[in-house]
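Presented below is the structure to which this report refers.
Chain letters run A, B, ... following the sequence lines, proteins first, then strands; residues in each count from 1. All figures in this text were calculated on a predicted structure; none of them were measured in a lab.
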Amino acid sequence: MEVLFTAVWALLEPRMLLSLCAGILAGIVGGAIPGITITMTIILALPFTFGMPSLQGLATMIGVYVGGSAGGLISACLLGIPGTPSAIATTFDGFPMARKGQPGRAVWLGIWASCLGGLLAGIPLIIGATQLAYLALNFGPWEYFSLFILTLSIVASLAEQSLVKGLIASALGLLVTSFGTDPLMAIPRLTFGWEFLRMGFPFLPILIGVFGLSQIMSDLEKSGAHGGASGFGRDADMKVSHPAVIREILAQPVNLIRSTLVGLWIGILPAVGGSAANILAYDQAKKASRYPEKFGTGVSEGIVASESSNNANVGGSLITMMAFGIPGDAVTAVMLGALIIHGIQPGPTFVVSNTAIAYGMFAAYFLAHPLMVILEWLFLRFALRAVRLPQHILAPIVLVLCVIGSYALNNIIENVWTFFIFGVLGYLMVKTGFPLAPLILGVILGDLIETNYIRAVMTDSDWTQFFRRPWSGAMLALAVLSFCFSLRQRRRAAKRADAHPAAEGDVEF
Amino acid sequence: MRRDTGIGIGLLVFCAVLYWQAGRVSAPPFVPIGPAFYPRAVLILLAGLALWLIAEDLLRGRAAARKAAKPAGPAPNYRKALLGFGLFLAYIAGMSLVGYPVATFLFVLALSWAIGPRSVRELPKLVAIAAATVLATYLVFEKYLYVFLPQGRLF
């Protein structure tokens, strides 16, 4: 506890506080603009953090994450367009409530629910990340290998459209790490004699390309779709009684806690993200409600469920990232990249050997929530103005910042080419129904899987160790179970779809 | 040929080329697992998955493809995306030639014009935005954060 208070105190230093607030504000604005996701916002913030001390940079990113998770609700409630995928379910009741003449109540119910859900998830974040990290310290290369295989199998199985496409995306990600020198002996491979490939593909330009460029290009195809959006502008009446709003949320404790737990759990699952959390929490709230038929007409339970879950999801994602070095979603994947840039090796030793930074991150998470409420109160009008920025102005500026983000990694133009190549690959994958999250996770885990497999085999050539060691065996069994379960679910869904064909949805970024 | 079948065949060819290339790596003696082991294992897995994709696509049959409803919403404007990719490619290629400030100014102006309403009255605003983007990024990154932005051969 003392370490946490020391970390809070360190974050109250003006320079740190300013960075955290700047991150939150950027997150709110980025989250509020339809088409700019939290991942995109954090990618844009990344180059600004390169020159900062580790904790300051990470605090800025946590600020963006928390601010972005709450920022999406502004356009969801006032325009009827979710600013980010994690605010989709907020639209269902937020927009109808705003149209009934209560835009202030809709927005502030969301903001306060985000704050409370996020703060509630902070406690499991500290306990979970620390305890899981201590557990993982006992892992050998067999357990790590099995853990990474389990992670990949879960992510590929959760791919929305096709299991085989999820698996192919994972395998492609693993393959990307094979280019360049091998991680153990530094022997070049798959270079085709080309100097450009000798050092392999750096992770951050891949990430920026896959999520940044491909998304902007996909948005260009749909341009005009958001342009004519009706709704409330900066003239919207946002006056509201804050004590009344807080009382309204606290009057539904079961909904608040259940949605927080849903968000937390989805966050812990690797690479699922807030988009699934808010819809699942909304669905659970509707099923548990005494008046489910009123959901979708502007009831507060819907907004509270969606918003508390998407901010709790941030806490869950941070648990997986800090305990195992596995990203809970694309945003924490960027944070992992930032940790490596600052010379910190993510993984179970992170919490134990970098206590000051780890607890600084916990403290930044806690501080970010009340600060988010204050900043939303101060800058809501500004965010409303930013929501209306036309795409033809926004897209080129965002692309320029993506180029700088890739280039600034080590000031070489080759990184920008990597960004472009993977941007094109990401775009083609989106267009052909391949999910992007398994690809990125494959890129993150590729070297780790290879290194741990070789270490395990070199330590003991008996490969049955992977199955005989309890944790390793259990995780491999879970990986097989997750795969079989997903196969069964898909067969059932296919049978249902044969009976009732439905339109295919958008591929999620 | 159906789309997923085409992708599967493309992946098989890709795997074959990389498998051959992985075999050209010289492995040091007395090492139980050489550097070619991992890429080859992943490539075998990927080839297996590509076969699964092809099989799934063929088994699904043409009738199922016909049954699938079209996605809701307006039809995608691929021309704009293609234009965006083209301009972006020219931007990266041009950066080595004319340097960051000129390339960025031209790129922001060209892309915002190409995907915007294309009105002459809008042009001064777009020029101002392009100039402001260059100036702001140059000051923040080059002068404040010491990121030395790409220099061109000409400027």
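- The shortest side-chain heavy-atom distance between B:Gln21 and A:Phe179 does not fall under the 4.5 Å cut-off.
- Counting only distance, with no hydrogens or angles, the side chain of B:Tyr38 and the backbone of A:Thr451 share no donor-acceptor pair below 3.5 Å.
- With a 4.5 Å cut-off on non-hydrogen atoms, A:Phe192 touches chain B through its backbone and its side chain both.
- Looking at A:Met458, the atoms closer than 4.5 Å to chain B (heavy atoms on both sides) all sit in the side chain, from C-beta outward.
- For a residue to count as touching a neighbouring chain, one of its non-hydrogen atoms must lie under 4.5 Å from one of that chain's; by this rule A:Ile404 touches chain B with the side chain only.
- Residue A:Ser461: no heavy atom, backbone or side chain, is found under 4.5 Å from chain B.
- Chosen from A:Ile168, A:Thr177, A:Leu172, A:Asn411, the residue pairing most often with chain B at heavy-atom distances under 4.5 Å is A:Ile168.
- Neither the backbone nor the side chain of B:Leu87 comes within less than 4.5 Å of any heavy atom of chain A.
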Output, in order, the C-alpha distance, side-chain angles, deciding distance and verdict of side-chain contact (heavy atoms from CB on, under 4.5 Å) for B:Asp4 and A:Lys165. CA-CA 10 Å; B:Asp4 283 356; A:Lys165 286 185 175 178; 3.2 Å; yes
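- Of the listed residues (A:Ile412, A:Val457, A:Leu175), the one with the most heavy-atom contacts under 4.5 Å to chain B is A:Leu175.
- A:Ile454 CD1 to B:Ile33 CD1: the interatomic distance, rounded to the nearest 0.5 Å, is 5.5 Å.
- Heavy-atom distances place both the backbone and the side chain of A:Leu174 under 4.5 Å from chain B.
- Neither the backbone nor the side chain of B:Val134 comes within less than 4.5 Å of any heavy atom of chain A.
- In this structure, chain A has a heavy atom under 4.5 Å from the side chain of B:Leu11, while its backbone stays farther away.
- Proximity to chain A is absent for every atom of B:Leu82, based on heavy atoms less than 4.5 angstrom apart.
- Scanning all heavy atoms of the two residues, the minimum distance from A:Thr432 to B:Arg3 falls at O-NH2, 3.3 Å.
- Between A:Phe483 and B:Trp52, the angle of the ring planes goes over 60°, which puts this pair in the perpendicular group of the 30/60° scheme.
- Contact of B:Phe141 with chain A is made through the side chain alone, with heavy-atom distances under 4.5 Å.
- Of the atoms belonging to A:Val403, it is side-chain heavy atoms, and not backbone ones, that fall under 4.5 Å from chain B.
- Residue A:Leu213 touches chain B through its side chain alone, counting heavy-atom pairs closer than 4.5 Å.
- When every heavy atom of B:Pro35 is checked against every heavy atom of A:Ile187, the shortest pair comes out as CG-CD1, 3.9 Å.
- A:Ile413 and B:Ser96 get closest at one heavy-atom pair: CG1-OG, 4.4 Å.
- In this structure, chain A has heavy atoms under 4.5 Å from both the backbone and the side chain of B:Leu18.
- For the pair B:Pro39/A:Leu190, a side-chain contact is recorded, criterion being any heavy-atom separation below 4.5 Å from C-beta on.
- If you measure heavy-atom distances from A:Phe419 to chain B, the contacts under 4.5 Å come from the side chain alone.
- B:Phe85 has its ring centre less than 6.0 Å from the ring centre of A:Tyr427.
- No other option in A:Val164, A:Asp182, A:Ile393 has as many heavy-atom pairs under 4.5 Å with chain B as A:Val164.
- Summarising the geometry, atom CZ belonging to B:Phe37 is positioned 11.0 Å from atom CZ belonging to A:Arg189; distances are rounded to the nearest 0.5 Å.
- Here the rule is side chain to side chain contact (heavy atoms under 4.5 Å, CB included) with A:Pro396, and of B:Leu111, B:Leu109, B:Thr133 only B:Leu111 fits it.
- At a 4.5 Å heavy-atom cutoff, B:Glu142 makes no contact with chain A through either its backbone or its side chain.
- More than 12 heavy atoms of other residues, nucleotides or ligands shown are found within 6.0 angstrom of CE on A:Met52.
- Here A:Val416 is the residue among A:Val416, A:Thr181, A:Thr191 with the most heavy-atom pairs under 4.5 Å with chain B.
- Using a 4.5 Å cut-off between heavy atoms, A:Leu401 contacts chain B through its side chain alone, with no backbone atom that close.
- Taking all atoms of both residues into account, the shortest heavy-atom contact from A:Pro188 to B:Val25 is O-CG1, 3.9 Å.
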Working for side-chain contact (heavy atoms from CB on, under 4.5 Å), residues A:Leu220 and B:Tyr78: CA-CA 8 Å; A:Leu220 283 189; B:Tyr78 290 116; over 6 Å; no
Could you walk me through whether B:Tyr100 and A:Val400 satisfy the side-chain contact (heavy atoms from CB on, under 4.5 Å) test, starting with their C-alpha distance in whole Å, then the side-chain angles of each, then the deciding distance to 0.1 Å, before giving a yes or no? CA-CA 10 Å; B:Tyr100 171 82; A:Val400 167; 3.4 Å; yes
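- Contact count against chain B (heavy-atom pairs under 4.5 Å) is highest for A:Ser178 among A:Ser178, A:Pro390, A:Gly423.
- Chosen from B:Pro117, B:Ala114, B:Ala36, the residue pairing most often with chain A at heavy-atom distances under 4.5 Å is B:Pro117.
- From B:Thr104, atom OG1 reaches atom CG of A:Leu399 across 11.0 Å, with rounding to the nearest 0.5 Å.
- Within the model, atoms CZ of A:Phe420 and CG of B:Leu89 stand 4.5 Å from one another, a figure rounded to the nearest 0.5 Å.
- Closest heavy-atom contact between A:Ala171 and B:Leu46: CB-CD1, 3.7 Å.
- Looking at heavy atoms from C-beta onward, A:His392 lies in side-chain contact with B:Glu122 at the 4.5 angstrom threshold.
- In this structure, the portion of B:Leu45 lying under 4.5 Å from any heavy atom of chain A is its side chain and not its backbone.
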